[in-house]
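Each chain gets a letter, A, B and so on, in the order its sequence line appears, and its residues count up from 1.
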Number of protein chains: 2
Amino acid sequence: MDVKTLCLGVLSLGPASGYEIKKVLEGPLGSFFDASYGSIYPALARLAEGGLVSVEEKPQERRPDKKIYTITSRGRITLASALEKRPGRDRVRSDFAATMLFADLLSPRELATCLDDRIAHHRAALQRLEAGRADPAVWGGGEITAGMRFVADLGMAQHRAALDFLESQRHVVEAAALRKTGQAAD
Amino acid sequence: MDVKTLCLGVLSLGPASGYEIKKVLEGPLGSFFDASYGSIYPALARLAEGGLVSVEEKPQERRPDKKIYTITSRGRITLASALEKRPGRDRVRSDFAATMLFADLLSPRELATCLDDRIAHHRAALQRLEAGRADPAVWGGGEITAGMRFVADLGMAQHRAALDFLESQRHVVEAAALRKTGQAAD
DNA sequence: GAAACCATGTAAGTTGTTACATGATTGG
DNA sequence: CCAATCATGTAACAACTTACATGGTTTC
């Protein structure tokens, strides 16, 4: 799913500016999506060209005009047909997992930091999701759909699983790294 | 973490060909990484150019020569310093999550198929991980390191969490889609 | 007074995907 | 006999990231 479709999706929940779309995408749902301004703004321009969204320019003082994008009926149709195709596989690239995979090459100190960071990361994500579940402001201000809640809950389940695992099992990989270092120091 | 570093990492576990590296990366660990031949082969060529790996060509009959890559000491140093930097955030793009997010736009039939597929996907991933935990052949044949086992277990925890969630909670989003359709049909 | 937020956009560069090219072998 | 596996590679293309350009406002 490319950024264009993603933007169209967010706009299906209500009108928004590029800036706001980015907010939604890096909010509680950030664990599933990822898009930078450098991809969002051009995507919106393409969508407007194609008539899938309409733009209303809100003049602002001492600031670039805010452009509010609204999905058109053609946009809704396009989105619907994009969603009809069964979703492709997730594409994930986890630096953390790669680092853990080669954990033997890290010093125990580095490994510990890495695990600490990751645990903090999952904690933060959980908190954001928990907050977002209740507070519409975190999303875009619009109503929270069943789909949103479902995705948020799925995210929470996964973050919690990772968190529990790391907290209870980190000693396994840390012990292995320690042994390795002990050997090297001999 | 780019494909070059990923290849270097796999090679740190033992010599392998490009084809075998792909196998490892799409094996049980496939949920965390992703790389196509089109990125692996050029990456290996660059690594060889830089002297981070050495190549031994095994002539094969009626088949392209098999090239066995072996990490060099310079390669190990490079890998180690790449791992020292604290890992960047995961980059995830989940088509499935996006589809669920806009689940109201799907017919109940499509939604059900989508959820069925996803559940099957998690089941399969779990099975592969379970098998790989015991069987070194699934990885590259070399020894299974503590890091590998750790990552595999983390993957299992996450897949299991997602699976449990989807099985027990799918009715929530399905009910919502059904209501929507009911309204539209009126 | 510094940092973060608001707000948009472009251009250069990196990276990776897809499709193509080639073709024997093995298992169901 | 059809599909999958083994085996490497290139070229065209698509997509995205990063850095740059601009600059007022709010919060600590």
Side-chain angles (χ1 to χ4, degrees), chain A residues 1-8 15-27 30 32-49 53 55-69 82 88-95 98 137-138 140-141, chain B residues 1-8 11 15-27 30 33-49 53 55-69 82 88-95 98 137-138 140-141:
Chain A
M1 184 150 309
D2 54 15
V3 177
K4 253 163 76 177
T5 313
L6 223 46
C7 287
L8 213 48
S17 66
Y19 191 83
E20 288 162 350
I21 290 174
K22 174 92 200 293
K23 283 280 115 89
V24 173
L25 256 22
E26 73 185 4
F32 294 111
F33 315 107
D34 205 5
S36 60
Y37 289 123
S39 59
I40 291 173
Y41 286 122
L44 287 170
R46 293 303 92 64
L47 288 172
E49 275 171 27
V53 301
V55 202
E56 191 196 353
E57 247 163 298
K58 297 254 179 187
Q60 308 218 123
E61 279 164 41
R62 309 167 222 278
R63 208 169 274 200
D65 292 356
K66 191 172 183 171
K67 293 187 178 177
I68 305 290
Y69 293 89
R89 1 188 258 14
D90 294 2
R91 27 197 65 216
V92 179
R93 178 152 301 169
S94 172
D95 258 34
V138 186
Chain B
M1 185 149 312
D2 56 16
V3 177
K4 252 163 76 178
T5 313
L6 223 45
C7 287
L8 214 47
L11 291 175
S17 66
Y19 191 81
E20 287 162 350
I21 290 174
K22 174 90 201 291
K23 284 279 116 88
V24 173
L25 255 25
E26 74 186 2
F33 314 107
D34 204 4
S36 59
Y37 289 123
S39 59
I40 290 173
Y41 286 122
L44 288 170
R46 293 301 94 63
L47 289 172
E49 274 172 28
V53 301
V55 202
E56 191 196 353
E57 247 164 296
K58 296 252 181 191
Q60 307 219 126
E61 279 165 39
R62 308 169 222 278
R63 209 168 272 197
D65 291 357
K66 192 171 182 172
K67 294 188 178 176
I68 306 291
Y69 293 89
R89 2 189 255 19
D90 293 2
R91 30 198 59 215
V92 179
R93 177 150 302 168
S94 172
D95 259 33
V138 186

Side chain to side chain contact (heavy atoms under 4.5 Å, CB included) with B/Ala82: which residues, sequence neighbours excluded? B/Thr5

Under-4.0 Å salt bridge between B/Glu20 and B/Lys67: no

Could you pull out all residues at least two apart from B/Asp34 that satisfy side chain to side chain donor-acceptor pair (under 3.5 Å)? A/Arg89

Please list, for nucleotides 4-6 of chain D, all pairs of protein and nucleotide N/O atoms separated by less than 3.5 Å.
{"unit_1": "D/dC6", "atom_1": "OP2", "unit_2": "B/Tyr19", "atom_2": "OH", "d": "3.0"}
{"unit_1": "D/dC6", "atom_1": "OP2", "unit_2": "B/Lys23", "atom_2": "NZ", "d": "3.2"}
{"unit_1": "D/dC6", "atom_1": "O3'", "unit_2": "B/Arg63", "atom_2": "NH1", "d": "3.0"}

Could you tell me the separation between the [atom1] atom of [X] and the [atom2] atom of [N], rounded to a whole number of Å?
X       : N      : atom1 : atom2 : result
A/Lys58 : C/dA7  : NZ    : P     : 12 Å
B/Glu49 : D/dG9  : CD    : P     : 12 Å
B/Phe33 : C/dT15 : CZ    : P     : 18 Å
A/Tyr41 : D/dC20 : OH    : C1'   : 15 Å
B/Ile40 : D/dT10 : CD1   : P     : 14 Å
B/Glu56 : D/dA7  : CD    : P     : 14 Å
B/Leu47 : C/dT15 : CG    : P     : 13 Å
A/Glu57 : C/dG9  : CD    : C1'   : 12 Å

How about [X] and [Y]: do any of their side-chain heavy atoms sit closer than 4.5 Å?
X       : Y       : value
B/Asp65 : B/Lys58 : no
A/Phe33 : A/Leu6  : yes
B/Leu8  : B/Met1  : no
B/Val55 : B/Ile68 : no

Is there a side-chain contact (heavy atoms from CB on, under 4.5 Å) between B/Leu47 and B/Lys4 once you walk through the steps? CA-CA 7 Å; B/Leu47 289 172; B/Lys4 252 163 76 178; 4.0 Å; yes

Identify the heavy atoms of B/Ile21 and B/Cys7 that sit nearest to each other, and give their distance. CG2-SG, 4.2 Å

Using a heavy-atom cut-off of under 4.0 Å over every strand shown, decide if B/Tyr69 touches base, sugar-phosphate, or nothing. sugar-phosphate

Identify each donor-acceptor pair in which a side-chain atom of residues 37-46 of chain A lies under 3.5 Å from a protein atom, sequence neighbours left out, and give them as a table.
{"unit_1": "A/Ser39", "atom_1": "OG", "unit_2": "A/Ser36", "atom_2": "N", "d": "3.3"}
{"unit_1": "A/Ser39", "atom_1": "OG", "unit_2": "A/Ser36", "atom_2": "O", "d": "2.9"}
{"unit_1": "A/Arg46", "atom_1": "NE", "unit_2": "A/Glu49", "atom_2": "OE2", "d": "3.4"}
{"unit_1": "A/Arg46", "atom_1": "NH1", "unit_2": "A/Pro42", "atom_2": "O", "d": "3.4"}

Taking five pairs at each terminus, the helix from C/dG1-D/dC28 to C/dG28-D/dC1 shows an axis bend, to 10°, of 70°

OG of A/Ser17 to NZ of A/Lys23, rounded to nearest 0.5 Å, is 9.5 Å

Would you kindly compare A/Pro64 and A/Arg46 by the position of their nearest DNA chain C nucleotide and give the one closer to the 5′ end? A/Pro64

Pull out every protein N or O sitting under 3.5 Å from an N or O of nucleotides 14-18 of chain D, one pair per line with the distance.
{"unit_1": "D/dC16", "atom_1": "OP1", "unit_2": "B/Arg93", "atom_2": "NH1", "d": "2.6"}
{"unit_1": "D/dT17", "atom_1": "OP2", "unit_2": "A/Ser36", "atom_2": "OG", "d": "2.9"}

